[in-house]
Amino acid sequence: MTSLFLGLKFLFIPNSKAGVSKIRQKLAVDHGAQICSAFGETSTTHVLVDTKVVLTANTEALIRTLKKLGLRDIAKTNVPVVGQEWLVQCVSKSELLPTANYTIDLARPSAKKRKVSSLRKAESRPIVDTTLEPGEKVLDSPNQTSVDVLNEMAEQHRINGEAYKVKAYRNAIDTLQRVSTPVTSYSQAIQLEGVGPAIAKKIEEISRTHHLRQLDVSKGSRHTQLMKLFKGIYGVGTVIAKKWIDEGMTSLDDIKNRTDLTDAQRLGLQYYDEWNERIPRSECTIHAEYVQYMLNRVDPLIEATIGGSYRRGAKTCGDIDFIVTKPDATMEALQADMDNLIDTIKQAGYLQCILHHHVKNKLLTGCSLPPLWNKKVDGQGEEWGKCRRVDFLLVPWKELGAAMIYFTGDDEFNKKLRYRAQKHGMVLNGTGLYKIVRDGSKERHELVESFDEKKIMSLLNVKWHEPEQRNTGVFDIAWNG
DNA sequence: ACGCAGGACAG
DNA sequence: CTGTCC
DNA sequence: GCGT
Ligand SMILES: O=c1ccn([C@H]2C[C@H](O)[C@@H](COP(=O)(O)OP(=O)(O)OP(=O)(O)O)O2)c(=O)[nH]1
Ligand SMILES: [Mg+2]
């Protein structure tokens with residue numbers, strides 16, 4: 001983070017998506033530059049060309065590209081057109097170097113041949129590796145309407161089970177939220193990383209009309225409404241919901257009479273309303289006090305903390321995610337403790353039902369606070385609390401860091417981290433970060449780190465992200481190739 | 001045309 | 001194996 | 001739906 005390029009506006013060529021270009025753009029921004037999406041003689045201060053992408057044969061393609069982006073006359077422009085090496089050198093020397101040695105002469109039409117060997121070398125860099133930082137988004141974005149509407153589109157796709165469309169929308173929204181100027185046209189929109197033709201079109205429509213017809217159609221459709229209703233049942237996903245709709249089911253009453261429900265689905269139906277409600281943060285805290293109190297009877301050394309959205313600072317939580325551990329404990333030791341806890345909270349009435357009991361390390365439940373504790377929630381203390389979804393993750397002491405990362409999330413943050421691990425030839429899961437070692441035909445996973453949350457991130461070249469910074473839309477993990 | 005995280009349980 | 005969930 |  002420096003002010004090296006403060007006040008400068010760079011136009012990148014190619015000025016979109018691609019991995020390396022994207023990372024250089026981030027580098028520029030980190031040192032104070034702004035990125036232009038189109039050429040402006042008075043606004044753009046430098047054109048930065050990725051020479052190994054663009055100048056493979058000749059400069060003509062580059063000139064065409066620049067014209068398309070708004071450059072009127074190559075001969076007359078005062079804006080320097082330089083290779084991106086200039087940027088890299090400036091940063092590494094921490095000073096603004098003269099552009100002269102890096103300029104690309106567009107006035108001369110004949111091709112400047114690059115050496116193949118240097119091309120290769122540049123291209124075969126092992127890992128495109130920038131250090132990530134917690135991102136900042138522009139609050140009060142000038143594109144808030146588009147962001148909101150696109151979010152609703154993503155929700156429609158989620159309901160209809162199009163996971164990768166959801167992902168694509170999230171990525172596009174993430175970019176759009178950081179843009180500080182209004183994006184009003186297809187051509188502006190499609191410049192943004194993560195925005196392709198389909199979403200660009202939508203952004204233009206939203207910006208013109210403050211509306212998206214496709215969204216209204218989707219929201220209004222009977223199919224989507226029923227999908228939403230049925231998917232609200234715990235244990236019912238896209239496929240089952242579709243199936244039921246095809247079979248003519250139209251209400252939860254229709255479902256109640258079915259004989260093919262799993263145990264979990266029947267519970268999901270029974271607690272339909274309660275489990276679709278979000279839990280106020282203050283109530284989660286009471287659950288933590290209660291569970292800690294109960295665990296204290298089992299073994300005072302056991303620790304229980306809430307992860308998930310609670311740890312990320314959410315004001316309301318979809319469920320309560322407990323991480324349960326004990327200094328130096330192995331999984332076996334914890335399982336014994338957990339069995340005791342289950343007995344204890346079952347006796348006390350807190351544990352209402354079990355959805356899944358992963359013999360391994362997880363317990364997914366429905367739980368209600370007893371009246372005396374619920375007093376702290378409703379101020380009355382006469383009734384049992386609402387049934388809440390409560391998950392317990394048992395964690396051997398040595399794996400605490402990896403487990404904390406996993407169970408703190410959010411899910412998108414985990415995915416980006418794990419994807420990054422892949423790029424480093426490693427695997428990240430809830431038990432640790434492992435190096436993939438292949439001997440012969442078999443491949444082994446060799447533990448690199450599992451105890452220290454901070455070390456795991458740092459090994460992946462990810463700066464420390466406080467839990468609050470792991471929320472989608474807040475963190476900014478650069479695209480990977 | 002392909003990948004988009006990784007792992008666990010129910011049925 | 002498929003579907004669902006964390 | 002997007003990037004490669
Ligand atoms: O597909 C998933 C879902 C969840 N998780 C991790 C991250 C998440 O934070 C944690 C707990 O899951 P949960 O579904 O409770 O999500 P949350 O982040 O706590 O949000 P919510 O407020 O909806 O509970 O498990 C994943 O890694 N992948
Ligand atoms: Mg949660």
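Numbered from 1 within each chain, the chains take letters A, B, ... in sequence-line order.
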> Do any of residues 229-243 of chain A sit with a heavy atom less than 4.0 Å from DNA chain C, and if so which?
Replying inline: A/Ile233, A/Tyr234, A/Gly235, A/Val236, A/Gly237, A/Thr238, A/Val239, A/Ile240
>> Keeping A/Asp391 on the side-chain end and A/Leu364 on the backbone end, is there a donor-acceptor pair under 3.5 Å?
In response: no
Sort me out a list of protein N/O and nucleotides 7-9 of chain B N/O pairs below 3.5 Å, or just none if empty.
from	atom 1	to	atom 2	distance (Å)
B/dG7	OP1	A/Asn429	ND2	3.2

>> A/Phe407: which residues meet the ring-ring contact (aromatic ring centres under 6.0 Å, His included) condition with it, sequence neighbours left out?
In response: none
> Run the salt bridge (charged side-chain N to carboxylate O under 4.0 Å, His left out) check on A/Glu466 and A/Arg312 step by step: do they pass?
Replying inline: CA-CA 8 Å; A/Glu466 293 294 339; A/Arg312 300 196 309 276; over 6 Å; no
>> Please enumerate all residues that pass ring-ring contact (aromatic ring centres under 6.0 Å, His included) together with A/Tyr272, with sequence neighbours excluded.
In response: none
> Has the side chain of A/Asn429 got a donor or acceptor atom that lies under 3.5 Å from a matching backbone atom of A/Thr431?
Replying inline: yes
> Going by atom types only, do A/His211 and A/Asp216 share a side-chain donor-acceptor pair under 3.5 Å?
Replying inline: yes
> Can you pull the contact range of chain A along DNA chain C, 5' to 3', using atoms under 4.0 angstrom from its heavy atoms?
Replying inline: C/dG3 to C/dC6
>> Side chains of A/Ser221 and A/Thr224 only: does a donor on one sit below 3.5 Å from an acceptor on the other?
In response: yes
>> When you compare the side chains of A/Ser218 and A/Gln156, does any donor N or O come within less than 3.5 Å of an acceptor on the partner?
In response: yes
> Given atom NZ of A/Lys423 and atom C1' of B/dA5, what is their separation to the nearest angstrom?
Replying inline: 12 Å
>> In whole Å, measure the gap between the P atoms of D/dG1 and B/dA8 for me.
In response: 33 Å
>> Give me the distance, rounded to whole Å, that separates B/dC4 from C/dC6 when you measure between the P atoms they each carry.
In response: 23 Å
> Base, sugar-phosphate, or nothing for A/Arg389, non-hydrogen atoms under 4.0 angstrom?
Replying inline: sugar-phosphate
>> In whole Å, I'd like the distance from the CE atom of A/Met426 to the P atom of B/dG6.
In response: 12 Å
>> Taking ring-ring contact (aromatic ring centres under 6.0 Å, His included) as the definition, give me every residue that meets it alongside A/Phe392, ordered by chain and number, with sequence neighbours left out.
In response: A/Phe322
> Which residues satisfy the side chain to side chain contact (heavy atoms under 4.5 Å, CB included) test with A/Arg158, sequence neighbours excluded?
Replying inline: A/Glu155, A/Val166
> Just checking, is any N or O donor in the side chain of A/His287 or A/Tyr350 under 3.5 Å from an acceptor N or O on the other one?
Replying inline: yes
> Taking CG from A/Asp410 and C1' from B/dG6, how many angstroms apart are they, rounded to a whole number?
Replying inline: 16 Å
> Who are the side-chain hydrogen bond (donor to acceptor under 3.5 Å, both in side chains) partners of A/Tyr406, not counting sequence neighbours?
Replying inline: A/Lys362
> Do the side-chain N and O atoms of A/Asp253 and A/Ser251 include a donor-acceptor pair separated by under 3.5 angstrom?
Replying inline: no
> So does A/Glu274 pair up with A/Arg388, basic N to acidic O under 4.0 Å?
Replying inline: no
>> Near DNA chain C, counting only heavy atoms under 4.0 Å, which residues of residues 258-276 of chain A show up?
In response: none
>> Taking A/Phe475's backbone N and O only, do any of them form a donor-acceptor pair with A/Gln469's side chain (distance below 3.5 Å, no angle check)?
In response: no
> For A/Ile405 and B/dA5, what is the distance between atoms CD1 and P respectively, to the nearest whole Å?
Replying inline: 17 Å
> Do the rings of A/Trp244 and A/Phe230 sit parallel, tilted or perpendicular, given the 30° and 60° boundaries?
Replying inline: perpendicular
>> What's A/Asp391 touching, base or sugar-phosphate or nothing? Going by heavy atoms closer than 4.0 Å.
In response: sugar-phosphate
> Would A/Asp148 and A/Gln144 count as having a side-chain donor-acceptor pair, cut-off 3.5 Å?
Replying inline: yes
> What is the distance, rounded to the nearest whole Å, between atom CD of A/Glu193 and atom P of D/dG1?
Replying inline: 19 Å
Could you go over nucleotides 2-4 of chain B and give all protein N or O partners under 3.5 Å, atom names and distances?
from	atom 1	to	atom 2	distance (Å)
B/dC4	OP1	A/Gln422	OE1	3.4

>> Using a strict heavy-atom distance below 4.0 Å, which residues from residues 197-207 of chain A are in contact with DNA chain D?
In response: A/Pro197, A/Ala198, A/Ile199
> With sequence neighbours left out, what residues match A/Glu205 under side chain to side chain contact (heavy atoms under 4.5 Å, CB included)?
Replying inline: A/Thr209, A/Leu212, A/Arg213
> Roughly, in whole Å, what's the span from CG in A/Leu355 to P in B/dA10?
Replying inline: 11 Å
>> What is the distance, to the nearest angstrom, from the NE2 atom on A/His424 to the P atom on B/dG6?
In response: 13 Å
> Less than 4.0 Å between a side-chain N and a carboxylate O, is that true for A/Glu277 and A/Lys386?
Replying inline: yes
